[in-house]
Q: 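Let me give you the structure first, and then I'll get to my questions.
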Amino acid sequence: MNFTHIIAEKINQTLENTFDLDKLEKLVEKPKDLNRGDYAFPTFSLAAKFHEAPQKIALKIADEIDRTNFANVKAVGPYVNFFIQRVEFTNQLLKEILLNDDFGRNNQGAGKKIVIDMSSPNIAKPMSMGHLRSTVIGEAISKIAKANGYQTIKINFLGDWGTQFGLMIAAYKLWGDDKLINKNPVDELVKLYVKINKESETDKSLKDSGRAWFKKLEDGDPEAVKLWNWFKSVSLKEFQEVYDRLGVSFDSMNGEAFYNDKMEPVVKMLASKGLLTESQGAEIVDLPNLLPKDNYPIAMIKRSDGATQYITRDLASAIYRHDAYDFAKSLYVVGAEQKDHFDQMKAILKLAGDDWADDIEHIGFGMITMNGKKMSTRKGNIVPLVDVLDTARQLAAEQISEKNPGLENADHVAEEVGAGAVVFNDLQKDRNLSIDFNLEKIVQFEGDTGPYVQYTHARAMSILRKSGQQAILNTGVTFVDEEAWPIVSRLSAYPEMIKRAWQLREPSIVAKYLLSLARDFNSYYAHTKILVNNEKMQSRLSLVQGVCSVLKSGLNLLGVSAPNQM
RNA sequence: GCGGAAGUGGCUCAACUGGAUAGAGCAUCGGAGUUCUAAUCCGCAGGUUGUGGGUUCGAGUCCCACCUUCCGCACCA
């Protein structure tokens, strides 16, 4: 039932239909405090037209309005407050939740594809907390998009190409030890990389050697290709472990190397459209000149040594994705510091006549810092993601052995709770806020955390399990506790929340919603005993089931699992 | 210098895009255990929403100016 619409209609009736329904409907709001009502209508904007005080208008409306569908309508100051018929509403809502697996989902995106560029770690470098953000935000946005009816294509744009790999091969040829690398691939490769970078400062020949090896790699030299493939496969194997723990998968792993043969056509295309300029030996798109109003930096397409740049590769991949997937939107979940890069990319595509560039969106997110400073592999102040996940799992295991020693699958649950804490922590704030790394905070299980929501789900499930009732479905609700009303109201907001989360591409909306729902439920739980055999029990159990269902579904949108016991 | 993000209790964040008394969590303090999981709940305390103007019935939210922090601004990605 669309109350907003009904209210607008009814109010218009009392005003002799002198107003535009859409305008009235826009004015209807949900009060922050449920005690004020379930819906409210502020009368300020009518005051001028009727030359009367808002308070008087509110009184008049409340007095004259048709009250069907409402338990109560009353004027409070300049507001008209509406109260829903609770039992009927709850009954209908819970039937919808319990009888459908897909409560909250909608079909607005039916038949449309969303491409999501996410995670994108660099081969032979450890996955850090920075990659975590891109990975979990991308995954959540994908799930939210699906809940809105879209099909999604998740792409892991691996950093698997560049002169660094020539250097890598050179280092391997000098000092590499197969056994060590196979045992601890990324660690060892990073050591080699760091070592050759350091030594090349004094021994310039090493850099030449690296360049030579990269040239060989580009030319398809068997040994170079073999080594590159090996580095890639051992790295991927290690990445995969992390992805498995996070419950993340991809539809494409086409990294930078995949676009090697697709860049020259882009360069030619740009040249043919007269967008390419030569400057200081390099090939550039002179955006400051072409689009003086937009204030973009110069885009370098080819360096003076002839090598292509990041933006060349991204142009190639953008075009490829457009051709291959015919997307409705192409999203890039990449740090906010790269905003200019994506602005440039879109501007160049538009200049080239590709108007679909308007469907490209950069989903930026804030930087993770360490003691307020940027993390950097070279400076050694990065935190490997695996370490964080391990710590979280360890702490979860300790909690379980302390609070629920007999738990079956304790190891598995510890993993779910640990990962849940890490992922949820990353998703609960607006994505464009910067975060200063704080391990204690990430592995916190109390208060506004993932485990808090998981725990709420687990104890609600526990009630259902112990109720011994199988047939909660279908039984109508005949009673609603006064204290349970915030829960019902919150549950009913789930579908709108899912739309909004997609519109804003903002997983934190889901996280905040879940925290609120969990808080509502825990408060109710603490004050109302549910498993008492009386006429209210059935209704209450239905409500508990509804809460379980939405908590689980919402956690799933964030890529966080919902164990039945913990 | 230009552009972007941010500025709200001691700390970390909300505030449904202009509405009613600015809300949570952490930390502190005080309560709640024979009960469906205390990873919980209840309560006390804590605020001139960076500053100064403006717009209007009404501003944390919109406009202007300024201040502070972080991030970008062609041969890394």
Side-chain angles (χ1 to χ4, degrees), chain A residues 27 29-33 36 40 42 44-45 47-48 53-54 76-79 81 120 122 159 161-164 256 279-287 294-305 307 309-311 313-314 334-341 343-344 364 366-367 369 372-374 396 399-400 402-404 407 417 421 428-430 432-436 438 441 444-449 451-456 458-467 493 496-497 500 504 508-509 512-513 515-516 518-519 522-532 544 565-566:
Chain A
L27 289 171
E29 59 190 48
K30 292 198 105 178
K32 286 175 194 155
D33 181 357
R36 296 199 182 109
F44 303 105
S45 50
V76 178
Y79 288 85
N81 294 337
S120 310
N122 295 317
W161 201 249
T163 43
Q164 52 186 332
E256 297 174 347
S279 167
Q280 297 172 30
E283 301 280 337
I284 63 161
V285 177
D286 193 352
L287 287 171
D294 289 315
N295 199 15
Y296 295 128
I298 281 166
M300 176 164 305
I301 301 299
K302 263 189 168 182
R303 296 197 312 232
S304 46
D305 65 3
Q309 281 290 97
Y310 181 32
I311 193 153
R313 200 159 280 142
D314 260 348
V334 178
E337 68 274 12
Q338 291 186 36
K339 181 183 183 295
D340 286 351
H341 166 74
D343 284 347
Q344 285 178 306
M367 188 169 303
T369 56
K373 282 179 188 164
K374 219 175 152 174
Q399 291 257 359
I400 289 169
E402 184 187 320
K403 300 183 178 181
N404 199 351
L407 181 64
V417 172
Q428 64 178 310
K429 292 173 194 166
D430 277 16
N432 59 344
L433 290 177
S434 307
I435 299 178
D436 198 50
N438 180 338
K441 212 146 209 178
Q444 176 84 41
F445 298 157
E446 291 169 13
D448 283 353
T449 65
Y452 173 77
V453 180
Q454 290 174 314
Y455 176 70
T456 309
R459 66 201 314 219
M461 284 302 287
S462 178
I463 295 178
L464 296 179
R465 196 166 49 245
K466 295 196 173 168
S467 74
E496 275 306 309
M497 185 282 290
R500 201 171 128 76
L504 300 180
S508 73
I509 288 179
K512 283 165 196 156
Y513 172 88
L515 287 170
S516 301
R519 213 176 292 124
N522 278 321
S523 176
Y524 175 64
Y525 177 98
H527 296 107
T528 308
K529 170 89 175 163
I530 290 152
L531 290 181
V532 283
V544 172
Q565 297 183 61
M566 60 188 271

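FYI, side chains are in, hydrogens and waters are out, and symmetry mates aren't considered; it's all heavy atoms of this structure. Just so we're on the same page: letters track the sequence lines, and every chain starts at 1.
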Q: Of all the nucleotides listed (B/G72, B/C75, B/C41), which has the minimum atom distance to the side chain of A/D340?
A: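 Nucleotide nearest to A/D340's side chain: B/G72.
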
Q: Please list, chain by chain and in numerical order, all residues satisfying side-chain hydrogen bond (donor to acceptor under 3.5 Å, both in side chains) with A/Q338, sequence neighbours excluded.
A: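 A/Y310.
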
Q: Before giving the answer on salt bridge (charged side-chain N to carboxylate O under 4.0 Å, His left out), spell out for A/D448 and A/K512 the whole-Å C-alpha distance, their side-chain angles and the decisive distance to 0.1 Å.
A: CA-CA 9 Å; A/D448 283 353; A/K512 283 165 196 156; over 6 Å; no

Q: With sequence neighbours excluded, what pairs up with A/T528 under the side chain to side chain contact (heavy atoms under 4.5 Å, CB included) test?
A: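 Per chain and number, A/T528 pairs via side chain to side chain contact (heavy atoms under 4.5 Å, CB included) with A/D481, A/E483, A/Y524, A/R540.
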
Q: Nearest of B/U40, B/G72, B/A5 to any side-chain atom of A/N432?
A: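 From the listed options, B/A5 comes nearest.
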
Q: Rounded to whole Å, how long is the line connecting atom CD of A/E283 with atom P of B/A74?
A: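 About 18 Å, once rounded to whole Å.
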
Q: Which whole number of Å gives the distance between the C1' atom of B/C29 and that of B/G46?
A: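 Here B/C29 and B/G46 have their C1' atoms 12 Å from each other.
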
Q: Given B/C13, B/C36, B/C42, identify the nucleotide with an atom nearest to the side chain of A/L531.
A: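 Nearest to the side chain of A/L531 among the choices is B/C36.
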
Q: Under the salt bridge (Lys or Arg N to Asp or Glu O under 4.0 Å) rule, collect the residues that match up with A/E337, sequence neighbours excluded.
A: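 A/E337: no salt bridge (Lys or Arg N to Asp or Glu O under 4.0 Å) contacts found.
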
Q: Check the chi torsion on B/U17 and let me know: syn if it falls within 90° of 0, anti if not.
A: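 For B/U17, whose glycosidic angle is within 90° of 0, the conformation is syn.
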
Q: Which nucleotide sits closest to the side chain of A/K403: B/U40, B/A74, B/A39?
A: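 Of B/U40, B/A74, B/A39, B/A39 is nearest to the side chain of A/K403.
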
Q: Is there a side-chain contact between A/K374 and the phosphate of B/G72, meaning an N or O under 4.0 Å from OP1 or OP2?
A: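 The answer is yes; a side-chain N or O of A/K374 sits under 4.0 Å from OP1 or OP2.
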
Q: Whole Å only: how far is the OH atom of A/Y296 from the P atom of B/G72?
A: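 Rounded to whole Å, this separation is 19 Å.
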
Q: Could you pull out all residues at least two apart from A/R459 that satisfy salt bridge (Lys or Arg N to Asp or Glu O under 4.0 Å)?
A: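 Per chain and number, A/R459 pairs via salt bridge (Lys or Arg N to Asp or Glu O under 4.0 Å) with no residue.
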
Q: Quick one: stems for RNA chain B, with Watson-Crick or G-U pairs under 3.5 Å, at least three in a row?
A: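 So the stems come out as B:1-7 with B:67-73, B:10-13 with B:23-26, B:29-32 with B:40-43, B:50-54 with B:62-66.
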
Q: Looking only at the side chain of A/Y455 (C-beta and beyond, no hydrogens), which of the listed nucleotides B/A38, B/C73, B/A24 gets closest?
A: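 For the A/Y455 side chain, the nearest candidate turns out to be B/A38.
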
Q: Nearest to the side chain of A/K429, which nucleotide is it out of B/A74, B/C13, B/C73?
A: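 Nucleotide nearest to A/K429's side chain: B/C13.
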
Q: Can you tell me if A/Q309 touches the phosphate of B/A77, counting only side-chain N or O atoms and a distance under 4.0 Å to OP1 or OP2?
A: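 True: A/Q309 side-chain N/O within range (under 4.0 Å) of B/A77 OP1/OP2.
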
Q: Within the 4.0 Å heavy-atom criterion, would you say A/A307 contacts the bases, only the backbone, or no part of the nucleic acid?
A: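 Since no nucleic acid heavy atom lies under 4.0 Å of A/A307, the category is nothing.
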
Q: With sequence neighbours excluded, tell me which residues meet salt bridge (Lys or Arg N to Asp or Glu O under 4.0 Å) with A/R500.
A: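 Testing A/R500 for salt bridge (Lys or Arg N to Asp or Glu O under 4.0 Å), a comparison that skips the adjacent residues, returns none.
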
Q: Select one nucleotide: of B/U37, B/C13, B/A39, the one nearest the side-chain heavy atoms of A/P451.
A: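 Per side-chain heavy atoms of A/P451, the pick is B/A39.
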
Q: According to a strict under-4.0 Å criterion, is A/Y525 in side-chain N/O contact with OP1 or OP2 of B/A38?
A: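 So the side-chain polar atoms of A/Y525 do come within 4.0 Å of the phosphate oxygens OP1 or OP2 of B/A38, strictly under.
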
Q: Taking the side chain of A/E337 as its heavy atoms from C-beta onward, which of B/C71, B/A20, B/C41 lies nearest to it?
A: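 That would be B/C71.
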
Q: Could you give the CE-to-C1' distance, from A/M566 to B/A39, as a whole number of Å?
A: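 Atom-to-atom, A/M566 to B/A39, this comes out as 6 Å.
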
Q: When the C1' atoms of B/A59 and B/G18 are compared, how many Å lie between them, rounded to an integer?
A: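 Per the computed distance, 7 Å lies between those C1' atoms.
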
Q: Take atom P in B/A45 and the same atom in B/U35, then report the distance between them in whole Å.
A: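 Pairwise P distance, B/A45 against B/U35, rounds to 32 Å.
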
